[in-house]
*Asks:* 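Got a structure for you, questions after.
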Amino acid sequence: MSAPGRRPGDLPLDVLHLDMDCFFAAVEVLRDPSLAGHPVLVGGTGPRGVVASASYEARVHGIRSAMPMSRARALCPSAIVLPGRFDAYREASARLQVILRSVTPLVEPVSLDEAYLDVSGAHRLSGTSPDIAWRLRRTVRAELGLDCAVGVGRTKLVAKLASKAAKPRIEHGAVVAGAGVVVVAAEEEREFLHAHPVRALPGVGPRTADRLGRFGVSSVGDLAAVSRDSLVRLLGSSSGRALHDLASGRDERCVVAERPARSIGHEETFPTDIRDPVELARRAREAAARVATRCRSAGVLARTVTVKARFSDFTTVTRSHTLAAHADTAAAFGDVVCDLLASLPSGGGLRLVGVHVSGLLAAAELPARQLELFADGSGQAPGSDGHAHRDRRDDVEAATEAIRRRYGETAIGPLARASRGTSSGPAGPVGPA
Amino acid sequence: MKFRTERDGLLDALATAGRAASTRGTGGPGAANLQLVLHGNHLVVTGSDQDLVIEVRTSVAGDSDGSVLAPARLLVDIVRSFDPGAITLTSDDDEVRLTSGKAEFVVRVPVSAEIARLSAAEGEGITLPAALFAEGLRQVVRAALTDDTRAPQLTGVLMVATETGLRLVATDSYRLAFRDLAGVSALSAGSEVLVPARALAEIQRLVGTSAPTDGPAADDEPLVFHHGELDAVFDLGAVQLTTRLLRGPFPDYERLLPPSYPNSFSASRDELAAALRRVRLMVRDTKDATTPVRISFGEQGAELTVLTAETGRAAERVDGAYSGEELTVAFNPTYLLEGIEAIRADTILLDVIDSTKPATVRGSGEDDYRYLLMPVRVP
C-alpha cells in the first residue's frame with residue numbers, strides 16, 4: 001500500500017529531506033528558555049546512558065550523539081543533563097508532521113525529527129522545490145520555534161546529504177551557522193556526491209569503510225571510479241551493487257508516504273488529568289479525527305478501533321471494537337471510541353487517551369459491499385438519527401479535508417476545538433501567499 | 001408428582017417447549033429450565049425466556065399431581081437417549097427422577113427458580129388458516145434480521161391488515177420479502193403488529209411438522225391468533241406459543257417498491273437455483289457477503305460468475321428470456337438463492353434496475369409475493 005513515490009529516472013529536484021537541529025535538546029530549551037546558550041544534553045543518566053541529543057553549545061566540546069553519557073560529562077562537566085521527556089518530543093514531532101503534510105501528503109517520516117518529502121505534486125500550489133524548502137524552514141521556525149535543515153535533490157541520498165550540508169558546523173571550537181537549505185541541482189550532483197567520504201553512504205559502516213580504505217577508496221568519487229564487478233567481489237553481491245548505484249547517483253528508493261502500516265494511532269497525554277466525561281469525549285473524538293485523517297491520506301480503511309486509556313495512577317487499559325465494515329471517517333471511529341471510553345470504570349481522571357485503528361485495508365482492496373435498502377442503514381424511518389446523519393458527516397469530513405489540504409491543517413476545524421484557543425499547528429495557510 | 005408415559009410423546013413435548021428455553025444464559029434465572037405441571041392425566045410442559053413462551057399439553061398416565069422445574073437441555077438429552085418405551089418420571093422439591101428400562105437418572109432441580117410468563121393476551125382469538133399462514137411465513141421469515149444488536153425492530157415480521165387480507169413483511173435491510181394472504185383477516189382494518197421472527201419460525205415449524213403433506217391442500221388445522229398491546233398468542237391446540245411483540249418503527253418499505261421493471265429476466269426457478277448453488281461453492285464463507293455472484297444479463301440469458309482471489313472462478317450460463325439493456329449486477333449468492341427458493345411458481349422473474357438499485361424476485365403469475373434484494377457493490 002505504498003503511495004506511488006518518485007522514481008529517480010525522472011530528473012526534477014523533487015525530494016526534500018528535513019532534519020531538525022538537535023531536536024530533543026532544542027525542545028528542552030524551548031520549554032525552559034533559561035537553558036538557552038548552555039550546553040544541554042538529553043539522554044540516559046544511568047551508568048550506561050548515552051547521549052540522545054546535544055545542543056551545539058555541547059557539541060563545541062566534542063560531544064556527539066550516541067556517545068556514552070559518562071564520556072560526554074567528562075568532556076563538558078558544566079553540561080546540563082536532562083533525562084528526556086519523550087511525550088514532549090513526540091508532540092513536537094506530531095506538530096512537525098502536520099506542517100509537512102500541509103505541503104504534500106507524500107511525507108515519509110524517518111524518525112521523530114527527520115522526514116523525506118516528495119513535492120512533485122506540490123509545485124502548482126507551492127512553487128519550486130527550493131521555494132518550498134525555504135518556506136518549510138521558516139514555517140517550522142515560526143510554528144514550532146525550532147530550527148531545521150532542509151536538503152533538496154533528485155534522490156533521497158542527495159537530499160539527505162544536502163540537509164546535512166545545510167546544518168550548523170563546529171569550526172575551531174565555535175558554532176558556524178549553516179545555510180539552512182542546500183539545493184543540489186542535477187548538474188552539481190556528481191561533484192557534490194563525489195566529495196563525500198564513503199561513510200556518508202547508507203550501509204557503509206566502519207568495517208566497510210576500512211575495507212574500502214585498504215583499496216584506496218575513501219571518497220564517494222573514489223567509489224564511483226571502481227567497477228561494479230570489483231565492488232561486488234570486494235563487498236559481496238548485494239551491498240557491492242547497492243553502493244555502486246548510490247555512488248553513481250542512482251538511488252531507486254522512493255518517498256513512501258505510509259509504510260505498510262499494521263495500525264494507525266494517535267495518543268495524547270493531557271497537561272492535566274481530565275475527569276469531565278464531556279471534555280474527555282471531545283478530546284477522544286479529536287484523536288479519532290486525526291487517525292481518520294491519517295487513514296485517508298494513506299488511502300486505507302480500518303476495521304478495528306482500539307482505545308487506550310491511562311488513569312491518574314498510571315494503570316493503563318485498552319478496549320477494542322471491530323466495526324461491521326471498514327471505515328475511515330472521524331465519525332465512525334469517534335462513535336466507537338466514545339462508546340469504549342464510556343465502558344471504562346469511571347471515577348479517576350485520565351492522563352492519556354490513545355486511539356488506534358487496525359485491520360487496515362487499502363481502499364482499492366476493499367471488499368465488495370452489500371448495499372442497503374434503506375438509505376439510513378439502520379432500517380429506521382428516514383429522519384431519525386441513523387446512518388443518514390453519518391453520511392452527511394462523511395461529506396463534511398471530506399470537505400474539511402479538502403480545505404485542510406489546500407490551506408493547512410488549522411484552516412478549518414470544529415468549533416469546539418477553536419473555543420479552546422489552541423495554537424498548535426500552523427496558524428494559517430502554508431501555501432503561497 | 002409422578003407419571004408414566006411413552007418416550008416419543010414426552011420427548012416431543014419437552015423438545016418443543018425446550019425451544020423457548022434459553023441456552024445462552026439470557027432470559028433470567030429460570031430460562032434454562034422447563035416447567036412440568038401435572039393435573040390428573042394432563043401434563044403441561046412450559047419453556048420460556050421472557051420473550052417467548054411455549055406451552056405443550058400432552059396426556060400421560062398420571063399418578064400424583066404436582067409441578068417441578070428442571071434443566072431443559074439435560075431433560076431433553078436424557079429422554080432422547082432412552083430407547084422407545086415407557087418412562088417413569090417422579091419429582092419432589094429437590095430432584096427429578098427418570099427411569100426407563102434399566103436406566104435411572106436423578107437430576108437435581110434448581111432452587112427457587114421460576115420461569116417467566118407473559119401476560120395472557122385478551123380478546124377473542126381469530127382463527128387463521130394454519131397451512132397458508134405457515135407458507136407465508138416460510139416465504140417471509142427468511143428476510144428478517146437474525147442478529148438483534150443492530151436494529152431490534154428488523155428481527156420481527158410485520159403483520160399488517162390490508163384491504164384484501166393480511167400482509168406479512170420482513171427485512172434485514174439488505175433484502176425484503178412480503179406476502180399477501182388474501183382473505184385472511186387477523187387484525188382489525190389498518191392495524192399492524194410486529195412479531196418476532198423467531199416466534200414465527202417456531203409456528204412455521206410446528207404447523208409444518210403436524211401437517212406432513214405439502215402445501216395448502218393439506219387439511220387446515222385451526223391456528224388461533226390473538227394479541228394485546230404487548231403480547232401475541234398463537235394457539236395450535238396442543239401447543240400454545242406466546243410472544244412478546246416488538247416495537248417499531250418498521251421501515252417505510254412501500255416506497256422501495258419499484259414502480260416498473262425496465263429489465264426483466266425470466267427462467268426456470270430450479271435451473272437458476274441449481275446454478276447458483278453450484279457457483280456458490282467457490283464462496284467459502286456463505287455468510288460472508290463480500291464475495292458476490294456477478295450476473296450478466298443479455299440476450300443469451302444470464303451468465304453467473306463467482307470470482308475469488310483465493311479459491312478461483314466458477315461460471316455458468318442460465319438460459320432464459322431477457323428484455324432490457326445488457327447489464328451486470330452483483331448479488332450475495334445466498335440472499336438471492338433464498339429469494340428464489342421462496343418462490344412457488346416454476347418460472348421466476350428476476351427484475352433488475354441497475355447495479356445499485358434493488359432487484360426483485362417474484363414468481364411468474366404470483367403477484368402476492370415479492371422479494372427485494374439490494375445488489376453488492378463491487379470495487
Side-chain angles (χ1 to χ4, degrees), chain A residues 1 3 260 295-296 298-305 319-329 331-332 335-336 338-340 342-343 358-391 394-395 398, chain B residues 143-145 147-156 158 170-177 248-253 255-258 283 285 287-294 306-309 329-336 354-360 371-379:
Chain A
M1 69 186 72
C295 282
R296 285 186 296 243
V300 296
L301 291 94
R303 185 89 192 273
T304 301
V305 180
R319 295 279 187 278
S320 288
H321 177 76
T322 298
L323 300 164
H326 284 81
D328 63 355
T329 62
D335 289 352
V336 172
C338 288
D339 286 352
L340 290 173
S343 74
S358 52
L360 303 183
L361 205 58
E365 297 170 40
L366 206 62
R369 189 165 70 86
Q370 171 69 54
L371 300 174
E372 299 198 28
L373 283 162
F374 315 103
D376 55 27
S378 64
Q380 290 169 352
S384 59
D385 186 20
H387 289 207
H389 184 210
R390 175 163 304 174
D391 286 346
D394 286 358
D395 292 343
Chain B
L145 187 65
D147 161 25
D148 64 355
T149 55
R150 193 155 61 96
Q153 73 273 24
L154 296 189
T155 61
L158 187 73
T171 178
D172 62 3
S173 84
Y174 304 126
R175 61 254 172 91
L176 178 142
F250 198 79
D252 175 19
Y253 67 94
R255 69 188 161 91
L256 298 173
L257 305 180
V283 184
D285 180 0
K287 281 185 181 166
D288 175 14
T290 57
T291 307
V293 55
R294 287 165 213 246
V306 170
L307 181 64
T308 76
V329 189
F331 296 103
N332 175 324
T334 301
Y335 289 171
L336 180 56
D354 61 34
S355 61
T356 62
K357 296 208 175 63
T360 307
Y371 183 91
L372 265 67
L373 170 61
M374 279 305 276
V376 170
R377 197 176 66 191
V378 289

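Lettering follows sequence order; numbering is per chain, from 1. Predicted model only: the values in this text are computed from it and were never measured.
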*Asks:* Quick check on B/Thr356 against chain A: is it the side chain, the backbone, both or neither that has a heavy atom closer than 4.5 Å?
*Replies:*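 Contact with chain A is through both the backbone and side chain of B/Thr356.
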*Asks:* Taking all atoms of both residues into account, what is the closest heavy-atom pair of A/Gln370 and B/Asn332, and its distance?
*Replies:* OE1-CB, 3.6 Å
*Asks:* With heavy-atom distances below 4.5 Å as the criterion, would you say the side chains of A/Phe374 and B/Asp252 are in contact?
*Replies:* no
*Asks:* Which heavy atom of B/Met374 sits nearest to which heavy atom of A/Glu372, and what is that distance?
*Replies:* CE-O, 3.3 Å
*Asks:* Work out which heavy atom in B/Pro358 is nearest to a heavy atom in A/Leu373; give both atom names and the distance.
*Replies:*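 Where B/Pro358 meets A/Leu373 most closely, the heavy atoms are CB-CD2, 3.9 Å.
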*Asks:* Which region of B/Leu176, side chain (C-beta onward) or backbone (N, CA, C, O), has a non-hydrogen atom less than 4.5 Å from a non-hydrogen atom of chain A, or is it both or neither?
*Replies:*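 Answer is both: backbone and side chain atoms of B/Leu176 are under 4.5 Å from chain A.
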